[in-house]
Amino acid sequence: MHDMANNDSRIDVRDTTKTDIPAEEPIILTDSRRHDGDDPEMEGLTLYEKKALLVNRELDSHGMGKYQWYIFFLCGFGYFIDLLYAQAFGLVEPAIQQEFGFSDKASGNIFSSFSAGLTAGAFVWGLLVDIIGRQYAFNLTVLISAVFGLCLAAPNNYDGVLVLTAFVGFGVGGNIPIDTTICLEFLPQNRRFLLALLSIFQPLGVVVASGIAYGFIPFHSCGDDANGNPLPACSSVASGAPCCTKASNMGWRYTLLCIGAICIFIFFLRFVVFRFQESPKFLLYRGRDSKAVEVLHKIARFNGRESTVTLEVFEALNDEAMSTASGESDRPMLGASTKKLKENWSSRLSIELQRYKILFSTFTMARLTLLVWITYAFDYWGFSIAGSFLPKILLDKNSAIDVSVATTYRNFVIIYICGVPGVLLGTLMYGIPRVGRKWAMVGSSALMGLSLFLFATVNTEASNIGLNAMEYFFQSMFNAVLYGWTPEAFPTPIRGTAAGVASFWGRLFSIVSPLIAADLLTKSLNGPLYLAGAGVFVCTIAILLMPSKSMGAQSY
């Protein structure tokens with residue numbers, strides 16, 4: 001297995017950095033006194049934060065090196081998988097329903113099953129990434145998604161589909177909180193706008209899923225009977241009567257097999273082609289200073305540079321903290337010093353539990369935490385309904401105006417490609433200090449909700465394409481900024497957990513919302529649209545109430 005992170009080939013630094021945005025000048029770490037009393041930026045910081053600041057400076061000196069670009073794209077593939085599957089289930093559900101014959105009300109079960117897996121995945125992986133580390137979680141989430149995704153083509157009944165869908169969701173659920181956390185901890189500070197750009201992979205995932213479905217489903221589906229009505233499920237008619245058989249309805253299976261194969265390829269890139277190094281900040285937090293230094297040197301060699309960080313610098317900070325009784329003690333940490341690694345398991349467990357108090361340690365932090373939870377809950381509420389039911393609603397609306405199924409699936413590709421410029425606009429706004437993040441989220445969420453309301457009031461082919469494209473443009477813009485900003489707002493010891501728990505609340509609401517929307521759909525075609533739009537407007541209010549100082553500060 002080729003370990004690219006150990007590549008010792010040297011590259012001229014001038015050639016690898018000359019096109020970068022100028023980064024902060026590297027601080028040569030040969031004299032520890034330059035990082036304590038003589039360094040005003042370190043005043044008032046805990047021991048861990050001082051070490052994290054040195055890591056930031058080291059990575060800032062690299063600019064966007066080769067290692068950072070690899071991390072960016074491989075983390076982006078996690079975003080890609082997230083909406084690759086979310087979109088796929090919305091696209092294949094009508095074909096699955098026709099074959100297995102379940103009711104419209106039961107159609108929400110597949111989305112709730114996926115959301116249940118996503119919820120468990122977000123919570124479990126969010127906690128584990130701060131305990132077992134970023135490295136294992138980075139690879140396992142994709143592997144689980146790939147294996148169970150391939151198995152999805154096998155079931156011959158709806159219950160089997162639901163079970164496997166939940167397992168796929170469990171793997172997919174950890175991707176966004178983990179990948180955003182990892183990317184943040186390797187990017188230089190002046191390139192954090194790339195956190196928002198990660199979301200460009202989401203509309204790409206939607207477009208790919210839509211393109212695959214367009215290639216298979218219209219041409220490998222059961223179609224209609226002689227009277228122009230959809231062929232019924234074989235389980236609901238007498239033996240020998242014309243019905244929707246497995247052999248004539250392979251399009252949705254081909255679609256899911258292709259998506260599973262894509263996930264296997266991404267796992268191969270992550271685990272075989274590129275070997276991810278553990279986050280230096282996670283290692284410092286766990287008291288593994290020597291390993292953190294080793295990783296920084298490996299990254300530097302991979303980028304064709306020499307690292308200036310030495311273990312002696314961290315040890316000098318440890319000694320200073322012991323002699324001056326640094327203010328670390330009032331902030332629960334496990335690895336702020338290697339001494340805590342020698343604590344017994346009960347003491348370490350106590351420290352682990354205390355770490356979660358950081359989320360509510362001050363009024364501002366508690367306000368931030370609760371508002372982030374509300375934002376994620378209703379963001380997922382809105383876009384889960386939209387992602388699950390907009391394809392079905394659009395198919396029904398287009399059928400009423402004599403637009404063919406093949407044309408509708410082609411229109412899906414046109415609609416979802418609009419997410420790409422949405423992410424780009426969000427990234428541009430993200431780079432405006434403090435103001436950009438907040439108002440980009442406020443404006444995009446409000447316009448997303450408005451587009452859902454407008455779509456409920458009209459039905460022409462042009463308006464159906466335009467308003468769906470508008471909805472997805474602003475949904476992509478909003479999520480790009482939200483997902484990129486969330487890990488920035490929380491410190492490293494609780495970062496993965498904070499992002500994971502926020503995602504957990506979102507995923508939890510995405511279990512409930514499709515069930516409510518499916519019930520509304522039986523009474524009104526436009527009911528789910530109003531339900532989704534109302535949830536998105538709650539996000540707008542929550543963002544307006546966010547503490548402004550949480551936007552764009554230094555990340556430790």
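Throughout, residue positions are numbered sequentially from 1 according to the sequence presented.
Annotation for F123: atom CZ does not count as buried by contact number, only 12 or fewer foreign heavy atoms lying within 6.0 Å. The local environment of CZ in F167 is sparse, with at most 12 non-hydrogen atoms from other residues, nucleotides or ligands closer than 6.0 Å.
A ring-centre distance under 6.0 Å is not found for F412 and Y214. Two rings, from Y67 and F274, have their centers less than 6.0 Å apart. If you look at F271 and F268, their ring centroids are not closer than 6.0 Å.
Proximity of F80 to I266: side-chain heavy atoms (C-beta onward) are separated by under 4.5 Å at one or more points. For the pair D179 and L198, the minimum side-chain heavy-atom distance is 4.5 Å or more. Looking only at side-chain heavy atoms (C-beta outward), F276 and R270 stay at 4.5 Å or farther from each other. Under the 4.5 Å side-chain criterion, counting only non-hydrogen atoms from C-beta, L447 is not in contact with F473. Between V129 and F138, the closest side-chain pair of non-hydrogen atoms is not below 4.5 Å. With a 4.5 Å cut-off on side-chain heavy atoms, V536 and F378 do not count as touching. Q277 has its side chain out of reach of F302: every pair of non-hydrogen atoms, C-beta onward, lies at least 4.5 Å apart. Counting heavy atoms from C-beta on, the side chains of I417 and V413 never come closer than 4.5 Å.
One side chain, S279 or E185, offers a donor N or O that lies under 3.5 Å from an acceptor on the other. A donor atom on one side chain and an acceptor atom on the other are not found under 3.5 Å apart for Q475 and D379. Using modelled atom types and a 3.5 Å distance limit, the side chains of Q202 and S476 yield no donor-acceptor pair. Side-chain N/O atoms of N175 and T141 include a donor and acceptor closer than 3.5 Å.
Taken from CG in L424 to CD1 in I200, the straight-line distance is 4.0 Å, to the nearest 0.5 Å. Atoms CG and CG, from L187 and L195 in turn, are 5.5 Å apart once rounded to the nearest 0.5 Å. Separating the CD atom in E471 from the OG atom in S451 is a distance of 5.0 Å, to the nearest 0.5 Å. Between the CG atom in L370 and the CE atom in M365 there is a gap of 11.5 Å [rounded to 0.5 Å]. Atoms CG and OG1, on L128 and T497 in that order, are 9.0 Å from each other to the nearest 0.5 Å. To the nearest 0.5 angstrom, E315 atom CD is 9.0 Å from S290 atom OG.
Taking every heavy atom of both residues into account, R495 and P487 meet most closely at NE-O, 2.9 Å. Looking at every heavy atom in both residues, L371 comes nearest to P547 through CD1-CD, 4.4 Å. Counting all heavy atoms, side chain and backbone alike, F193 lies closest to T427 at O-CG2, 3.5 Å. Smallest separation of non-hydrogen atoms from V293 and V309: CG1-O, 3.8 Å. In terms of heavy atoms, V481 sits closest to A440 at CG2-CB, 4.1 Å.
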Show, in sequence, the C-alpha distance, side-chain angles and deciding distance for D82 and R507, and conclude whether the salt bridge (Lys or Arg N to Asp or Glu O under 4.0 Å) test is met. CA-CA 12 Å; D82 184 80; R507 303 298 190 185; 2.9 Å; yes
Give the intermediate values and the outcome of side-chain contact (heavy atoms from CB on, under 4.5 Å) for residues K51 and V55. CA-CA 6 Å; K51 293 178 181 179; V55 172; 5.8 Å; no
Begin with the C-alpha distance, continue with both residues' side-chain angles, and end with the deciding distance and a verdict on side-chain contact (heavy atoms from CB on, under 4.5 Å) for I299 and S307. CA-CA 8 Å; I299 294 172; S307 175; over 6 Å; no
Give the C-alpha distance, both sets of side-chain angles, the deciding distance and a yes or no for side-chain contact (heavy atoms from CB on, under 4.5 Å) between S384 and F111. CA-CA 8 Å; S384 292; F111 308 119; over 6 Å; no
For L184 and T180, run side-chain contact (heavy atoms from CB on, under 4.5 Å): C-alpha distance rounded to whole Å, both residues' side-chain angles, the deciding distance at 0.1 Å, then the answer. CA-CA 6 Å; L184 172 66; T180 313; 5.6 Å; no
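With hydrogens and angles ignored, the 3.5 Å screen pairs a side-chain donor or acceptor of W125 with a backbone N or O of F170. Counting only distance, with no hydrogens or angles, the side chain of S503 and the backbone of G500 share no donor-acceptor pair below 3.5 Å. In this structure, the side chain of H62 does not engage the main chain of Q68 through any donor-acceptor pair within 3.5 Å. Counting only distance, with no hydrogens or angles, the side chain of T375 and the backbone of C539 share no donor-acceptor pair below 3.5 Å. Remark: side-chain polar atoms of S445 are paired, donor with acceptor, to backbone N or O of V442 under 3.5 angstrom. Not one N or O on the side chain of N411 forms a donor-acceptor pair closer than 3.5 Å with the backbone of I465. The backbone N or O of P188 sits nowhere less than 3.5 Å from a side-chain atom of D60 that would complete a donor-acceptor pair. Side-chain atoms of K438 come within 3.5 Å of backbone N or O of L544 as a donor-acceptor pair. When atom types are taken as modelled, the side chain of R437 and the backbone of W485 share no donor-acceptor pair closer than 3.5 angstrom. R134 places no side-chain N or O within donor-acceptor distance of the main-chain N or O of E278, the cut-off being under 3.5 Å.
If you run side chain to side chain contact (heavy atoms under 4.5 Å, CB included) between T119 and each of F509, F504, W505, only F504 comes through.
Aromatic ring pairs are classed by plane angle as parallel below 30°, tilted from 30° to 60° and perpendicular above 60°; the pair Y483 and Y79 is perpendicular. The aromatic rings of Y376 and Y380 lie parallel to each other, their planes meeting at an angle below 30°, with 60° marking the opposite boundary. The aromatic rings of F114 and Y85 sit tilted relative to each other, their planes meeting at an angle between 30° and 60°. The aromatic rings of F77 and F201 sit perpendicular to each other, their planes meeting at more than 60°, with 30° as the lower class boundary.
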